[in-house]
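Heads up, the thing below is written out as structure tokens.
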Amino acid sequence: MGLIDSLKQAFSKPYKTISVAQAKELLGSGATLIDVRSAQEWRTGRAPQAKHVPLDRLQTSTAGIQKARPVIALCASGVRSASAARLLAAKGYDAYSVRGGMAAWRQAGEPVR
């Protein structure tokens, strides 16, 4: 492997960043949606199908998240969900992060409860 290939591999993301529309498609085909925000943020509104798994808890336990399905992480803006997706991918999950987080979710007109 050449230097360029080694650098690409070292700096490549082990997960994918996706739009709200792409997340909805994946959810339609059986993916799991996890919300990695704090409990206080969770109470302010969440995607109806999301499972609450705060990022700090995800660092110690995958909380029964099935490896057989893709996992989509969602936070407020996309920063913590990227960390969650990276963590999940390192544990062997097919992981995704929603670009723009709940702000993008709401802006796209998706349901919030």
Side-chain angles (χ1 to χ4, degrees):
M1 183 181 316
L3 177 61
I4 300 295
D5 290 334
S6 294
L7 288 171
K8 282 182 183 175
Q9 186 174 358
F11 290 100
S12 68
K13 293 189 309 187
Y15 64 93
K16 296 167 196 75
T17 302
I18 59 174
S19 67
V20 171
Q22 290 169 311
K24 292 293 288 186
E25 280 183 40
L26 280 170
L27 289 169
S29 63
T32 300
L33 179 65
I34 61 167
D35 189 321
V36 299
R37 297 176 301 155
S38 69
Q40 182 177 349
E41 290 172 300
W42 169 260
R43 287 189 295 270
T44 66
R46 59 192 175 272
Q49 63 273 61
K51 177 179 180 177
H52 189 219
V53 185
L55 182 57
D56 59 343
R57 188 172 71 183
L58 188 63
Q59 292 171 342
T60 58
S61 167
T62 53
I65 302 167
Q66 294 180 17
K67 271 192 179 172
R69 299 188 200 179
V71 180
I72 305 165
L74 182 69
C75 68
S77 66
V79 176
R80 286 174 288 174
S81 62
S83 294
R86 179 177 287 110
L87 184 70
L88 289 165
K91 293 182 179 189
Y93 288 85
D94 182 15
Y96 299 83
S97 172
V98 177
R99 184 182 311 107
M102 276 302 292
W105 186 269
R106 290 175 196 266
Q107 191 172 30
E110 293 300 333
V112 175
R113 64 172 188 168

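In this chain, numbering begins with 1 at the start of the sequence shown.
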Should K51 and L33 be marked as a side chain to side chain contact (heavy atoms under 4.5 Å, CB included) after you check the CA-CA gap, both sets of side-chain angles, and the distance that decides it?
-> CA-CA 6 Å; K51 177 179 180 177; L33 179 65; over 6 Å; no
When rounded to the nearest 0.5 Å, the distance separating CD1 of I34 from OH of Y96 is 13.5 Å
Once you round to the nearest 0.5 Å, how far does CE of M102 lie from CD of Q107?
-> 12.5 Å
What do the steps show when you test I65 against L58 for side chain to side chain contact (heavy atoms under 4.5 Å, CB included), and what is the final call?
-> CA-CA 10 Å; I65 302 167; L58 188 63; 4.0 Å; yes
K16 NZ to R99 CZ distance, which is reported to the nearest 0.5 Å | 13.5 Å
Minimum-distance pair of heavy atoms, taken over all atoms of V53 and R57 = CA-NH2, 3.5 Å
Taking the side chain from H52 and the backbone from R46, do they hold a donor-acceptor pair closer than 3.5 Å?
-> no
Is any side-chain heavy atom of T62 closer than 4.5 Å to a side-chain heavy atom of K67?
-> no
Evaluate side chain to side chain contact (heavy atoms under 4.5 Å, CB included) for Q49 paired with L27, printing each intermediate quantity in order.
-> CA-CA 9 Å; Q49 63 273 61; L27 289 169; 3.4 Å; yes
Interatomic spacing from NZ in K24 to CH2 in W105 - rounded to 0.5 Å | 4.5 Å
Backbone N/O of V36 and side chain of W42: donor-acceptor pair under 3.5 Å = no
Any salt bridge between D94 and R69, counting N to O under 4.0 Å?
-> no
For residues 70-89, which side-chain donor-acceptor pairs fall under 3.5 Å, sequence neighbours excluded?
unit_1, atom_1, unit_2, atom_2, d
R80, NH1, E41, OE1, 2.8
R80, NH2, E41, OE1, 3.3
R80, NH2, E41, OE2, 2.8
S81, OG, G78, O, 3.2
S81, OG, S97, OG, 2.7

